[in-house]
There are 2 protein chains.
Amino acid sequence: MHESFNESTEMYLKTIRELSIDNDLIAISALARRLEVSTVSATEMVHRLEEHKLVEHTPYKGVQLTGIGCQHAAEIIRSHRLWERFLADHLNIPWARVHEVACRLEHATDTKLTEALDAFLGHPTRCPHGNPIPQAGGVLKTAVTTTLNTLKPGLTCEIIRIHPESALLLEYLASHDVKPGNQLHIDEIAPFNGPIMVTIGEKPHALGQEIATHIFVTVIGSDA
Amino acid sequence: MHESFNESTEMYLKTIRELSIDNDLIAISALARRLEVSTVSATEMVHRLEEHKLVEHTPYKGVQLTGIGCQHAAEIIRSHRLWERFLADHLNIPWARVHEVACRLEHATDTKLTEALDAFLGHPTRCPHGNPIPQAGGVLKTAVTTTLNTLKPGLTCEIIRIHPESALLLEYLASHDVKPGNQLHIDEIAPFNGPIMVTIGEKPHALGQEIATHIFVTVIGSDA
DNA sequence: GATATTTATAAGGTTTGCCTTATAATACCT
DNA sequence: AGGTATTATAAGGCAAACCTTATAAATATC
């Protein structure tokens with residue numbers, strides 16, 4: 001039970017796990033999009049991963065992680081989120097930046113290091129962006145949340161997590177006070193997939209529909 | 001002024017700097033040996049580095065770092081040694097292991113992260129193996145030391161640093177109490193490049209000549 | 001100065017992960 | 001059922017860093 005596969009392999013495993021809810025099938029096209037490679041390249045790589053028994057590919061349907069693949073993906077995500085905590089809490093690196101730094105560190109991190117880091121941090125349960133940190137065994141507990149794009153005006157919510165994360169997205173959200181723990185009121189939703197007008201801490205913000213799919217919240221009240 | 005070159009490039013730069021005292025010429029064969037690649041591959045790579053103005057190659061003589069190359073090497077070594085301090089002091093990873101872990105982390109570390117880490121650690125000056133941590137500008141101060149293999153029996157020394165480091169070497173040294181700060185008495189030196197018999201904290205140890213070249217000490221006393 | 005050793009170069013190969021373009025197979029929709 | 005869109009495969013290529021084997025050039029040694 002040692003370390004890492006190579007970085008590319010790890011990125012695929014991690015991305016598949018990030019994109020799938022409950023280990024459902026992920027379209028290779030979606031995977032390719034997120035990894036910023038061509039679908040041909042992604043297909044090729046998926047074949048390689050399949051040979052290593054890390055994923056299963058159902059042609060024309062999608063990919064999903066095998067047990068080993070899933071376990072390994074969890075380890076990468078675990079180390080990623082622990083690093084994020086360290087970077088944010090101890091090195092004072094800005095909330096929006098820790099993600100991309102952790103993206104690099106995660107591939108240089110073996111199990112022993114991950115566990116040492118976890119102990120140092122006092123076994124945190126969530127990353128700075130609100131996402132749960134898988135446990136050493138790969139188990140992950142997710143709170144019941146909704147994405148902002150599914151809600152109606154008049155509701156007040158607490159921001160719980162941002163997912164999936166990306167450097168650009170986090171930078172944008174940080175500049176609009178969209179961070180876990182903050183309260184948000186849905187003022188209005190413009191028609192034709194227009195922006196969602198919200199208030200966060202007295203300040204109004206307009207959030208696009210696509211961005212809203214990354215914002216997980218729990219409803220805590222209603223105007224009515 | 002951004003980040004890293006690729007890992008391979010960084011390994012070459014770092015190794016050249018580690019092997020050279022005072023930026024003197026390093027034989028490509030020595031470089032190849034340390035990097036565990038063929039001399040042909042090392043030569044090839046040196047040409048590539050030369051094109052990027054990171055090294056200068058004098059045929060049949062050796063390589064040396066250019067200003068930029070040297071600066072970059074210093075940054076890698078800086079981050080390496082800072083990581084070692086973090087791993088040893090905060091994560092309680094064993095003295096002999098931190099080197100190889102840091103070897104991976106260093107390539108995932110940019111200048112901002114390095115500086116944040118430096119501040120967190122309180123600007124340490126030496127790694128756990130006694131080697132000086134280059135300053136942000138690349139400046140490095142080395143204490144006046146001798147390697148153990150150059151000394152005569154009857155001398156008492158303080159172990160100052162282990163250099164160059166490698167996982168195997170450190171593991172061996174750790175098991176023989178050869179660590180910076182410890183005192184060492186040279187009991188006897190066997191003929192024909194035989195082992196150096198020493199006493200460290202009441203316990204006798206036999207150290208090979210090659211190993212002795214990695215042990216830097218200062219003489220603090222003599223039997224006579 | 002001749003020989004042995006070290007160093008450099010040339011030629012051809014491998015692996016990994018990516019690319020593009022083109023075509024074939026399947027799925028989805030009306 | 002037919003047409004469009006998606007997905008898969010085939011073919012050919014590229015760059016980086018390695019490899020081996022063979023030969024040539026420079027240096028070191030006797």
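From a predicted model like this one, the values you see are computed outputs, not experimental measurements. Here is the naming used below: chain letters follow the sequence lines, and residue numbers restart at 1 for every chain.
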Return the value, rounded to whole Å, for the distance between atom [atom1] of [X] and atom [atom2] of [N].
X: A:L25; N: D:dT7; atom1: CG; atom2: P; value: 12 Å
X: A:L31; N: D:dT7; atom1: CG; atom2: P; value: 12 Å
X: B:L35; N: D:dA17; atom1: CG; atom2: P; value: 13 Å

task = Ignoring backbone atoms, test whether A:S38 places a side-chain nitrogen or oxygen under 4.0 Å from the OP1 or OP2 oxygen of C:dC19.
result = yes
task = Would you give a per-nucleotide map of nucleotides 2-17 of chain C, 5' to 3', where B means the base has a protein non-hydrogen atom under 4.0 Å away, S means only the sugar-phosphate does, and - means neither?
result = -----BSBB-----SB
key: Test item: side-chain donor near acceptor, B:T147 and B:N149, under 3.5 Å   = yes
message = Hydrogens and angles aside, do B:N131 and B:E165 bring a side-chain donor and acceptor to less than 3.5 Å of each other?
response = yes
request  = Output yes when A:R34 and A:E18 qualify as a salt bridge under the 4.0 Å nitrogen-oxygen rule, no when they do not.
outcome  = yes
task = Can you measure from CD (A:E7) to NE2 (A:H107) and round to the nearest 0.5 angstrom?
result = 4.5 Å
query = Can you tell me how far CD1 of A:I93 sits from NE2 of A:H99, rounded to the nearest 0.5 angstrom?
reply = 14.0 Å
query = Sequence neighbours excluded, which residues qualify as ring-ring contact (aromatic ring centres under 6.0 Å, His included) partners of A:H47?
reply = A:H57
